[in-house]
There are 2 protein chains.
Amino acid sequence: MGISKIDKMHSLSKNQQIIFNLIDKSPEPLKAYTILFNVQKKGIKAPLQVYRALDKLVEIGKIHKIESRNAFIACHNSSCQVAKATAFSICEICEKVTEISSAGLSKYLAGFKDKDGMKYSKYNLEFFGLCKKCR
Amino acid sequence: MGISKIDKMHSLSKNQQIIFNLIDKSPEPLKAYTILFNVQKKGIKAPLQVYRALDKLVEIGKIHKIESRNAFIACHNSSCQVAKATAFSICEICEKVTEISSAGLSKYLAGFKDKDGMKYSKYNLEFFGLCKKCR
DNA sequence: ATTAAAATGTTATATTATTACATACTGTTA
DNA sequence: TAACAGTATGTAATAATATAACATTTTAAT
Ligand SMILES: [Zn+2]
Ligand SMILES: [Zn+2]
Ligand SMILES: [Zn+2]
Ligand SMILES: [Zn+2]
């Protein structure tokens, strides 16, 4: 059995794969220059190489950017293959970040319409608080 | 009638007032260095002076940071005197940003609990789409 | 083989934000 | 008033985050 169309569409280039692997195995969100430092031994030498891979990985939904932290985590939510509807919980003490997958939440937000009738194609939600350990 | 306690607590210093005035009268979110450029004639010369005022204004809820844009807008939602529960709509073409004040939305999000039972003290939500004009 | 799209390599630069340290102002209390 | 604590300011230097511009190479389809 060959590569399915959807897998092929999202197959990663060399730099993308190196950077995705690093982020995917990290227990915490990684910043661009932390990534750069960690992949220099693999031949990725310049910020732009990192940012280009990050842009692509975000675009195809393999990773997400935590906007309030300028950091990136791998997607562990099988339902969000594209970065269109993201929600995270962030501990303000230990900085642990978890992707939230709640059918109720995503349904509520996907259906939300504001007063102007503006219809949204995308959202990002970041919750802040204290995690179990830090409470 | 004197200054009420709550007003006094939130009374602004000179730099804070200058920077708040600028943001408050701007039709669009302003970036830190745009602010710096625009207040140099008022004697504010260094980035740090801007960032310190911004930090304070965010803390007391007079302005909000649009995380995905690294920009700041004045709060026009009387119910959010502190920056604990914010929601915005952002047009991806013209970059118009509007603060959303929906009782339903804030009630839903304030009450949201994730699987781990983590209770949140704060959230920020950014919706993206096309505004009326750009559609 | 031709070709177009995507990805890479490289240098330089732009943008966003903080550290460190010295000084001054504001309001309260002894 | 004098002392004090908390907040705000001024200034220089630097750190951290992100993009512009341009040349080249790889990939994958025709
Ligand atoms: Zn995801
Ligand atoms: Zn924690
Ligand atoms: Zn507000
Ligand atoms: Zn628009």
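All chains are named by letter (A, B, ...) in the order of the sequence lines, taking the proteins before the strands, and each is independently numbered beginning at 1.
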Would one find a side-chain N or O of [X] under 4.0 angstrom from OP1 or OP2 of [N]?
| X | N | value |
| --- | --- | --- |
| A:Tyr33 | D:dA16 | no |
| A:Ser13 | C:dT8 | yes |
| A:Lys14 | C:dA6 | no |
| B:Lys65 | C:dA17 | yes |

Between A:Pro47 and A:Ala53, just flag the one whose closest nucleotide in DNA chain C comes earlier from the 5' side.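 First, find each residue's nearest nucleotide; the 5'-ward one identifies A:Ala53.
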How many whole angstroms separate atom [atom1] of [X] from atom [atom2] of [N]?
| X | N | atom1 | atom2 | value |
| --- | --- | --- | --- | --- |
| B:Asn15 | D:dG10 | CG | C1' | 9 Å |
| B:Gln40 | D:dT11 | CD | C1' | 14 Å |
| B:Asp55 | D:dT9 | CG | P | 12 Å |
| A:Arg69 | D:dA18 | CZ | C1' | 19 Å |
| B:Ile35 | C:dA17 | CD1 | P | 10 Å |
| B:Glu59 | D:dG6 | CD | C1' | 13 Å |
| A:Leu54 | C:dA7 | CG | C1' | 15 Å |
| A:Leu36 | D:dT17 | CG | P | 11 Å |

Under 6.0 Å between the ring centres of B:Phe128 and A:Tyr123?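 No - the distance between ring centres of B:Phe128 and A:Tyr123 does not fall below the 6.0 Å cut-off.
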Can you confirm if the aromatic rings of A:Phe88 and A:Phe127 lie within a centre distance of less than 6.0 Å?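 Centroid distance A:Phe127-A:Phe88: not below 6.0 Å, so no.
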Per [X] side chain, nearest of listed nucleotides [options]:
| X | options | answer |
| --- | --- | --- |
| B:Tyr51 | C:dA17, D:dT19, C:dT8 | C:dA17 |
| A:Leu48 | C:dT10, C:dA17, D:dA18 | C:dT10 |
| B:Ala46 | C:dA7, D:dC22, D:dT11 | D:dT11 |
| A:Gln16 | C:dA7, D:dT11, D:dT9 | C:dA7 |

5′-ward residue of the pair B:Gln49/B:Asn70 relative to DNA chain D: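 In this pair, the answer is B:Gln49.
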Could you tell me whether A:Glu28 and A:Lys96 make a salt bridge, using a distance below 4.0 angstrom between a side-chain N and a carboxylate O?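 Answer for the salt bridge query: no.
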Quick check against the 3.5 Å criterion: does B:Glu59 have a side-chain atom that pairs as donor or acceptor with the backbone of B:Lys56?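 Flag not set: sc B:Glu59 to bb B:Lys56 has no pair under 3.5 Å.
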Has B:Gln17 got a side-chain atom pairing as donor or acceptor with B:Lys14's backbone, closer than 3.5 angstrom?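 Such a contact is absent between B:Gln17 side chain and B:Lys14 backbone.
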